[in-house]
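What you are looking at is a predicted structure, and each value in this text was computed from that prediction instead of being measured. Numbering of residues begins at 1 and proceeds along the displayed sequence.
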Amino acid sequence: MQTPPLDPPVADTAPTDGILTSYDAQHLVTYLRLLDADKEGADWQEVAKLVLRMDPSSEPARALRAWQTHLARARWMTESGYRHLLRGGAPH
């Protein structure tokens with residue numbers, strides 16, 4: 001598996017597949033940043049702006065949806081998705 005990029009473009013919603021996707025492999029750093037921010041109790045709007053590079057002031061629904069779905073996917077990675085990484089990662 002290649003080293004994931006530090007700031008890949010972020011989709012409006014994260015994947016919901018039951019398997020690791022190439023999007024997940026590209027966004028491992030994003031997921032870690034989201035989990036760290038969540039643990040610290042950071043405001044979702046600040047996280048959307050800094051981590052997801054979305055403006056909650058001008059696009060509140062889009063930013064909230066992106067933050068919610070990406071945080072949910074990050075949590076999935078800690079519960080299930082990591083197993084796919086251990087088996088060799090995501091498809092290319």
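L71 contributes atom CG, which lies 11.0 Å from atom OH of Y31 (distance to the nearest 0.5 angstrom). Atom CZ of R73 is separated from atom CG of L20 by 7.0 Å, given to the nearest 0.5 angstrom.
A donor-acceptor contact shorter than 3.5 Å is absent between the side chain of D17 and the backbone of I19. At distances below 3.5 Å, at least one donor-acceptor pair connects side-chain atoms of R53 with backbone N or O atoms of V51. In terms of modelled atom types and a separation under 3.5 Å, the side chain of H27 and the main chain of P9 share a donor-acceptor contact.
Using a 4.5 Å cut-off on side-chain heavy atoms (C-beta onward), L28 and M77 make contact. Between M54 and D12, some side-chain heavy-atom pair lies under the 4.5 Å cut-off. Between L50 and E46 the shortest side-chain heavy-atom distance falls below 4.5 Å. Side-chain contact between R33 and D7 is present, with at least one heavy-atom pair separated by less than 4.5 Å. In this structure the side chain of D38 never reaches within 4.5 angstrom of the side chain of W44, judged on heavy atoms. Using a 4.5 Å heavy-atom threshold, the side chains of P8 and T30 count as touching.
Minimum interatomic distance between V47 and A42 (heavy atoms only, all atoms of both residues): CG2-CB, 3.6 Å.
Within 6.0 Å of the CD atom in Q68, the count of heavy atoms belonging to other residues, nucleotides or ligands exceeds 12.
Linking Ile, Leu, Val, Met, Phe, Trp and Tyr residues whenever their side-chain heavy atoms come within less than 4.5 Å places W76 and Y23 in a single cluster.
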